[in-house]
Colleague: 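What follows is a structure written as structure tokens; I'll ask about it next.
These numbers come from the heavy atoms of this one structure, side chains and all, not from hydrogens, waters or symmetry mates. Keep in mind that what you see is a predicted model, and the values were worked out from it rather than measured. Just so you know, ligand 1 is whichever comes first in the structure, and atom 1 is the first atom listed for that ligand.
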Amino acid sequence: MPVADRVEEVRKQISELAEAATTAQDLMQRMVKLLHERMLKYNWVGFYMLEPGAQPPMLALGAFVGAMTPHTRIPLHQGICGAAASSGQTVVVDDVSKDARYLACSLETKSEIVVPVFVNGKVVGELDIDSHFPAAFTAEHQELVQYCAQLVGKKLEACGQ
Ligand code: SME
């Protein structure tokens, strides 16, 4: 199946998940599983959420699928994860070995995307995906992952965690 068709199919399945999920936590758990199963180059898929009230602000590992990571809590000044959360921008790294910010999770990881999740205009967390393939996150993948992060933000706005 061409990648564009697969992206389109997964996008539809994700929309259905968002309609069926009763809580944001439920949606995040089902979403990481679906993305990991269906998108063959998404080798680690997980959410980091800002810990409420933590000073300094801290990202904490939430729902994920893939190998356990040593980075269960990440301050905002560290990692690709910290960069995405503190800037409120999607960060795509085509070759993690060339990015000094990168915090290693697996030796096999070659590229990474991190997309912030917003609730009422504020960053509350992010969706982080690692790939064993270099430059895996082309524009159509970015669009899909941003769509996923948006749906989680909307679900959090609608019904909280
Ligand atoms: N690579 C991330 C850390 C999280 S692990 O990939 C799961 C980073 O640089 O922030």
Colleague: Are Glu16 and Lys12 close enough for a salt bridge, meaning some N to O gap below 4.0 Å?
Modeller: no
Colleague: Which atoms of ligand 1 are found less than 4.0 Å from any heavy atom of Cys105?
Modeller: 5 (S), 6 (O), 7 (C)
Colleague: How does Thr69 reach ligand 1, if at all, at less than 4.0 Å between non-hydrogen atoms: by side chain, backbone, both, or neither?
Modeller: side chain
Colleague: Is the Lys NZ or Arg CZ of Lys110 less than 6.0 Å from the centre of Phe133's six-membered ring, within 45° of the axis?
Modeller: no
Colleague: May I ask you to check whether Gly79 has an N/O atom sitting below 3.5 Å from an N/O atom of ligand 1?
Modeller: no
Colleague: Should Tyr48 be listed as contacting ligand 1, given a heavy-atom distance under 4.0 Å as the test?
Modeller: yes
Colleague: Identify, for atom 6 (O) of ligand 1, the protein heavy atom at the shortest distance, and state residue, atom and that distance.
Modeller: Asp130 OD2, 2.9 Å
Colleague: Taking Ser111 for its side chain and Asp95 for its backbone only, find out whether a donor-acceptor pair lies under 3.5 Å.
Modeller: no
Colleague: Within a reach of under 6.0 Å around CZ of Arg101, are more than 12 heavy atoms found that belong to other residues, nucleotides or ligands?
Modeller: yes
Colleague: Spell out, as yes or no, whether a donor-acceptor pair under 3.5 Å connects the side chain of Ser15 to the backbone of Arg11.
Modeller: yes
Colleague: Counting C-beta onward and ignoring hydrogens, is there a side-chain heavy-atom pair between Met1 and Glu9 closer than 4.5 Å?
Modeller: yes
Colleague: Relative to the heavy atoms of Asp128, which atoms of ligand 1 are at a distance of less than 4.0 Å?
Modeller: 4 (C), 5 (S), 6 (O), 7 (C)
Colleague: If you measure from CD on Glu37 to CG on Leu34, what distance do you get to the nearest 0.5 Å?
Modeller: 7.0 Å
Colleague: Under 3.5 Å between some N or O of ligand 1 and some N or O of Leu103?
Modeller: yes
Colleague: Considering distance alone, does some N or O of Glu112 sit under 3.5 Å from an N or O of ligand 1?
Modeller: yes
Colleague: Considering the heavy atoms of Tyr102, write down every atom of ligand 1 situated less than 4.0 Å from one of them.
Modeller: 1 (N), 9 (O)
Colleague: With atoms numbered from 1 as shown, which atoms in ligand 1 lie under 4.0 angstrom from a non-hydrogen atom of Trp44?
Modeller: 7 (C)
Colleague: Is Ile80 close to ligand 1, meaning an N/O of one under 3.5 Å from an N/O of the other?
Modeller: yes
Colleague: What's the separation between atom CD1 in Ile113 and atom NE2 in His141, rounded to the nearest 0.5 Å?
Modeller: 9.5 Å
